[in-house]
Protein chains: 2
Amino acid sequence: MIIIYSKFFSLEPEKRERIINAALKEFARNGYEKASTNEIVKEAEISKGSLFNYFNNKKELYLFLLDYVVEVIDQIYAEVDWNETDIFKRMKAIGLVKFKIYKKFPEAFNFLKAVAHEDATEVKSEIKEIGEQIIASGFERGYQNIDFTKFRDDIDIQKTINIINWTILGFAEQQRDEVDSFEDVGLEVFDEWDDYFDIMKRCFYKEEGE
Amino acid sequence: MIIIYSKFFSLEPEKRERIINAALKEFARNGYEKASTNEIVKEAEISKGSLFNYFNNKKELYLFLLDYVVEVIDQIYAEVDWNETDIFKRMKAIGLVKFKIYKKFPEAFNFLKAVAHEDATEVKSEIKEIGEQIIASGFERGYQNIDFTKFRDDIDIQKTINIINWTILGFAEQQRDEVDSFEDVGLEVFDEWDDYFDIMKRCFYKEEGE
DNA sequence: ATACCAAATGACCAAGTTGGTCAAGATTAT
DNA sequence: ATAATCTTGACCAACTTGGTCATTTGGTAT
């Protein structure tokens, strides 16, 4: 990929990321067809000519972004300790990783969500090979090694996991606004996560857990 | 309102709702500015001339929809029994009401969500007077008369309520796809709700509740 | 200073879409 | 048959679209 887009990758990283984020944002918000290259260059603060110098056309830019985002996410996800057996510790690790990605590419996940719903004929066939599994691999990515025996016996585990997921999702969305408001937000954001995990651990685990 | 839009309200109800739903959909998906009146008339299967006969211009149509949707939702919400003190029974009642609205105007809530994020200068000032409270009044609409003493003493009630809300929200979204797939779906959809409510009741309430 | 070159620019293009109009045709009521 | 009302879609000027390319820019080597 780097070889193909050598012109683009020899840019200063700051400029490169400005372009990536501008394009991700526009495609995420408007879908492939309605996304405007004019808007992208305006947001990225580069000229129209430059964009079409780095990428031959809109389609190429779009498919590059898809490849790139999947690669970046894969790469950072590899850092998670998949041997941790406690679901809440695992979830917190995943949350941290997602936060890292979000800080660098705020629209990456929205872009992927939009890709999953995309139906522009010009890119639909190319998208398919990526597969919905990878796209949806936010939280669903394997519960391998999770110790489910910690859960109470009188509740459905799959449904309980759904509750946990929806809670994380909902809380993350609520926090996003706050994160966006402040310039440089550190990991203190995660303190409140523990409150929610504590509640759920206390309620969903057998008494005297771990 | 009915007086102002008399031309529109003297249409056959079926046609009227077709237009409303087409417009809600287009505005919900694209926001005020990018929404296309051409798309609306195509989806509603009426002519361009008719639309601009019922409404003088795009802005008038948009503001009408906002008024109308708020009114419809208010009206149906009035049916809820606000004396019920059990939070899960209350939530189920609200869920039923929302389901009713959804069946008639599938894009109504998405439209309101889009309105809340709208920032087109042409309509922004007119929106403000509606106020975000009304817009966000999905589940947040008052926990009056709810008996919070049923909850365990060792968990934060506000956060627990958030968990309940996010669960309902997440489950509703998951179900929406299924609902859309079948032509006429009855209330059997709500059976699975009880499973989730049972889990949460068992976990969040004091033991031996009611 | 000069010559050179890659990178960046934005005016420009044809093609298409926009919100909105209105004369002409279709329907209904009298 | 006449009048009154609805509905239609071709049409409009204004604007946006993805993409091009002659020109300018800024840096480097001489």
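So that the names make sense, note that chain A is the first sequence line, chain B the second, and so on, each numbered from 1. Keep in mind it's a predicted model, so treat the numbers as computed, not measured.
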Under 4.0 Å, heavy atoms only, any strand: does [X] hit a base, just the sugar-phosphate, or nothing?
{"X": "B/Lys15", "result": "sugar-phosphate"}
{"X": "B/Asn53", "result": "base"}
{"X": "A/Phe55", "result": "nothing"}

Rounded to the Å, how far apart are B/Leu51 CG and C/dT18 P?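 Computing the B/Leu51:CG to C/dT18:P distance gives 13 Å.
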Which whole-number value in Å describes the distance from A/Phe9 CZ to C/dA7 C1'?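 So the two atoms are 18 Å apart, to the nearest Å.
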Between CD1 of A/Ile163 and CD1 of B/Ile199, what distance do you get to the nearest 0.5 Å?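 Taking CD1 in A/Ile163 and CD1 in B/Ile199, the distance rounds to 4.5 Å.
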Is it the case that more than 12 heavy atoms not belonging to A/Glu192 sit under 6.0 Å from its CD atom?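 Result for CD/A/Glu192: enclosed.
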Step through the shown structure and confirm whether more than 12 heavy atoms of other residues, nucleotides or ligands are within 6.0 Å of CD on B/Glu60.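 Yes, because the 6.0 Å sphere around CD of B/Glu60 holds more than 12 heavy atoms from other groups.
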5' precedence on DNA chain D between B/Tyr54 and A/Ser50 (nearest-nucleotide basis):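 Its nearest nucleotide being more 5', the pick is B/Tyr54.
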Within-4.5 Å side-chain heavy-atom neighbours: B/Tyr62 and B/Val115: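 With C-beta onward as the side chain, the pair touches.
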Knowing that exactly one of B/Glu107, B/Glu39, B/Glu43 qualifies, which makes a salt bridge (Lys or Arg N to Asp or Glu O under 4.0 Å) with B/Lys25?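 Filter result, single survivor: B/Glu43.
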Members of residues 31-48 of chain B that approach DNA chain C, where some heavy atom sits under 4.0 Å away: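 Heavy-atom cutoff 4.0 Å gives B/Ala35, B/Ser36, B/Thr37, B/Asn38, B/Lys48.
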Distance test, side-chain N/O of B/Lys58 to OP1/OP2 of C/dT18, below 4.0 Å: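 No, B/Lys58 has no side-chain N/O under 4.0 Å of OP1/OP2 on C/dT18.
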Please report the C-alpha distance between A/Tyr205 and A/Asp86 in whole Å, then the side-chain angles of each, then the deciding distance to 0.1 Å, and finally whether the side-chain hydrogen bond (donor to acceptor under 3.5 Å, both in side chains) criterion is met. CA-CA 11 Å; A/Tyr205 274 5; A/Asp86 185 89; 2.9 Å; yes
Mind listing the closest non-hydrogen atom pair of B/Phe64 and B/Phe9 along with its distance?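 The answer is CE1-CE1, 3.7 Å.
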Counterpart residues, side chain to side chain donor-acceptor pair (under 3.5 Å), relative to B/Lys15 (two or more places apart):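 Result, side chain to side chain donor-acceptor pair (under 3.5 Å) vs B/Lys15: none returned.
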Can you give me the first and the last nucleotide of DNA chain D (5' to 3') that has an atom within less than 4.0 angstrom of a non-hydrogen atom in chain B?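 First and last nucleotides in contact are D/dT7 to D/dG9.
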